[in-house]
Amino acid sequence: MTISRRTVLKGAAATAALATPAFIRNAFAEDPIKLGTAFDISGIFDAYGKPIDMAVRLAIKQINDAGGLLGRQIQHIGYDTQSDMALYTQYAQQLTRQDKVDVVHGGILSASREAIRPTLRKANTLYFYNIQYEGGVCDGNCYCTGVTPAQTTEVQIPYTMEKWGKKVYILAADYNYGQLMARWIQKYFKDNGGETVAVEFFPLDVADFGSTITKIQTAAPDMVYSALVGGAHLSFYRQWAAAGMKSRIPLASTTVGVGSEHLVLTPDEGDGIIVCYNYSPELDTPANKAFTTAWGEMHGAETIPNIHELAVSNYQGVMLWAEAVKAAGSVEHDKVKAALDGGLAYEGPAGMVTIDPKTHHATLDVHLMEMKGQKLNVIKSFGARQPIDTQLVCDLVANPDDNQQYEIKI
């Protein structure tokens, strides 16, 4: 029998194929599943965006290392929007028209969400917005997995009122989130017999709060609630402490700490601030320990302190989507949606995550915390908090074609 070189190579290839794990063969045999992202990895919101990108890449790595989804690997197609709303719009179009991704996880500010949400809906590309926000989005194509005001502020405010008093001075970022969050804070103070002394709004680039601190001294509230956002607004906490106000009037916030700001502030500047979020790095659970260990192995142990609420929320959003793909046995849009709306649950670093089918928002655990020694120390935990604010205005079961952000009447 004559054995040609071609026969030998053919036989060797067959042997190699048999020796290759099945999931790898399938991954190469089929096109990858494409997961698109658009985040502020640079620009003025990079303190939020960089850890978010790291969290998404960790989730994708873990899924691929475990064999991918449906025998296929996930291909990550990510864009840095540089904190530019025009780039958000551009990259949303690119992800849908050119890259033809199967799902998009993206956006940090509410403005960035609204810049891309219509494009993704029109293209019938499933969209996950995994960020805490003001609530009210009602869109059958969009899943919001971050906390909303009724999940956090509703339990935070009674605690601070009992601890400090009834009069509040509110500071907030002057855009959608800050304006609506200020209303929620006023509502929950009024509901609990409290009083709002004043409300002030600040553009995102404002960094001088001297005149405001003087106004607060004159108003003499029992506490200050801050819904300030971003690096420039971080100056308030430093100026507040430098003015000697920290020991005189206590602070609570709906935002500080979600971007690891407690690590940037010194203990003298941050200690004592009360917050309430879905995640604390100090959570002593097997799921959080496994997550932080895996993060350190991929990104380096020195980066573990960079893990924050928004990063974890996006990690959980990707993992929840992956569980839905498995349950659906497909990446097809409507089948994945049906799986998500069917009571699917995922236990992440911050606790259990499930989707409310009426609103496409997540039911989440939340944790009341106090900043101390550059840590978010858990005071009390509340399980399975539903998005009751958005439930007031959104019912996608009854109205599946609804597509808007409602301004919830407060």
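Since this is a predicted model, take the numbers as computed values, not measurements.
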Short side-chain to backbone donor-acceptor contact, Thr125 and Val103, under 3.5 Å: no
Contact check, side chains of Ser112 and Phe45, non-hydrogen atoms, under 4.5 Å: no
Neighbour count >12 (heavy atoms, 6.0 Å) for atom NZ, Lys337: yes
Geometric class of the Tyr175/Tyr177 ring pair [parallel <30°, tilted 30-60°, perpendicular >60°]: tilted
Nearest heavy atoms of Leu204 and Ala232, plus distance in Å: O-CB, 3.3 Å
Min side-chain heavy-atom separation Asn176-Gln405 under 4.5 Å: yes
Any side-chain heavy-atom pair of Val155 and Arg385 under 4.5 Å: yes
side-chain contact (heavy atoms from CB on, under 4.5 Å) assessment of Met371 paired with Leu376: CA-CA 5 Å; Met371 289 187 187; Leu376 299 178; 3.6 Å; yes
Sidechain-backbone polar pair: Asp40 side chain, Gln82 backbone, donor-acceptor under 3.5 Å: no
Ile108 CD1 to Arg113 CZ distance, which is reported to the nearest 0.5 Å: 12.5 Å
Option from Leu251, Val168, Ile274, Val197 for which side chain to side chain contact (heavy atoms under 4.5 Å, CB included) with Met223 holds: Val168
Exercise: identify the closest heavy-atom pair between Pro305 and Leu263: O-CD1, 2.9 Å
Residue among Asp356, Thr359, Asp139 satisfying side chain to side chain contact (heavy atoms under 4.5 Å, CB included) with Cys394: Thr359
Distance, nearest 0.5 Å, that separates CG of Asn399 from NZ of Lys358: 10.0 Å
Parallel, tilted or perpendicular: ring planes of Tyr79 versus Tyr91, cut at 30 and 60 degrees: parallel
Sub-4.5 Å side-chain heavy-atom contact between Asp341 and His360: yes
Test item: Asp102 side-chain N/O and Ile33 main-chain N/O as donor-acceptor pair under 3.5 Å: no
Donor-acceptor contact below 3.5 Å, side chain Glu162 vs main chain Pro158: no
Sidechain-backbone polar pair: Asp84 side chain, Ala86 backbone, donor-acceptor under 3.5 Å: yes
His262 side chain reached by Met369 side chain, heavy atoms, under 4.5 Å: no
Qualifying residue, where the test is ring-ring contact (aromatic ring centres under 6.0 Å, His included) with His361 and the options are Tyr143, Tyr129, Tyr133: Tyr133
Check against side-chain contact (heavy atoms from CB on, under 4.5 Å), Leu283 and His367: CA-CA 9 Å; Leu283 287 175; His367 311 281; 3.7 Å; yes
Modelled atom types, side-chain donor and acceptor of Gln151 and Thr148, under 3.5 Å: yes
Minimal non-hydrogen separation, Ser313 against Gly146, with atom names: OG-CA, 3.8 Å
Over 12 foreign heavy atoms within 6.0 Å of NZ, Lys34: yes
Polar side-chain atom of Gln316 near backbone of Ala350 as donor-acceptor pair, under 3.5 Å: yes
Heavy atoms of other groups near Lys167 NZ, more than 12 under 6.0 Å: no
Side chains of Phe189 and Met161 in contact at under 4.5 Å (non-hydrogen atoms): yes
Side-chain donor/acceptor of Thr354 to backbone N/O of Leu344, under 3.5 Å: no
Contact summary for Pro51 and Tyr48, nearest pair of heavy atoms: CD-O, 3.5 Å
Backbone N/O of Val229 and side chain of Thr255: donor-acceptor pair under 3.5 Å: no
Heavy-atom check, side chain of Ile216 versus side chain of Pro221, under 4.5 Å: yes
Side-chain donor-acceptor contact under 3.5 Å, Gln386 with Gln391: yes
Nearest heavy-atom neighbours spanning Ala172 and Gly178: CB-O, 3.4 Å
Donor-acceptor side-chain pairing of Ser235 and Arg238 below 3.5 angstrom: no
Polar side-chain atom of Thr266 near backbone of Glu269 as donor-acceptor pair, under 3.5 Å: yes
Ile77 side, atom CD1; Leu95 side, atom CG - distance, nearest 0.5 Å: 7.0 Å
Over 12 foreign heavy atoms within 6.0 Å of CD, Glu302: yes
Pair Thr152-Thr254, side-chain contact (heavy atoms from CB on, under 4.5 Å): steps then yes or no: CA-CA 8 Å; Thr152 55; Thr254 64; over 6 Å; no
Whether Tyr127 side chain and Gly106 backbone form a donor-acceptor pair below 3.5 Å: yes
Lys372/Glu282 under salt bridge (charged side-chain N to carboxylate O under 4.0 Å, His left out): CA gap, chis, key distance, verdict: CA-CA 12 Å; Lys372 192 170 182 62; Glu282 314 309 320; over 6 Å; no
Side-chain H-bond candidate by donor/acceptor type, Gln179 with Glu134, under 3.5 Å: no
Any donor-acceptor N or O pair under 3.5 Å, side chains Thr153, Tyr225: no
Shortest non-hydrogen separation from Pro149 to Met181 and the atoms involved: CG-CE, 3.6 Å
Ring centers of Phe202, Phe236 separated by less than 6.0 Å: no
Step-by-step side-chain contact (heavy atoms from CB on, under 4.5 Å) determination, Val104 to Thr37: CA-CA 5 Å; Val104 169; Thr37 60; over 6 Å; no
Spatial distance of atom CZ (Phe209) from atom NE2 (His233) [nearest 0.5 Å]: 4.5 Å
Check: Asn403/Arg117 side-chain N/O donor and acceptor closer than 3.5 Å: yes
Inter-residue atom distance His105.NE2 - Leu320.CG, 0.5 Å rounding: 9.0 Å
Within-4.5 Å side-chain heavy-atom neighbours: His76 and Asp53: yes
Pairwise distance CG(Leu228) to CD(Glu261) - rounded to 0.5 angstrom: 10.5 Å
Short side-chain donor-acceptor distance under 3.5 Å, Thr145 and Asn130: yes
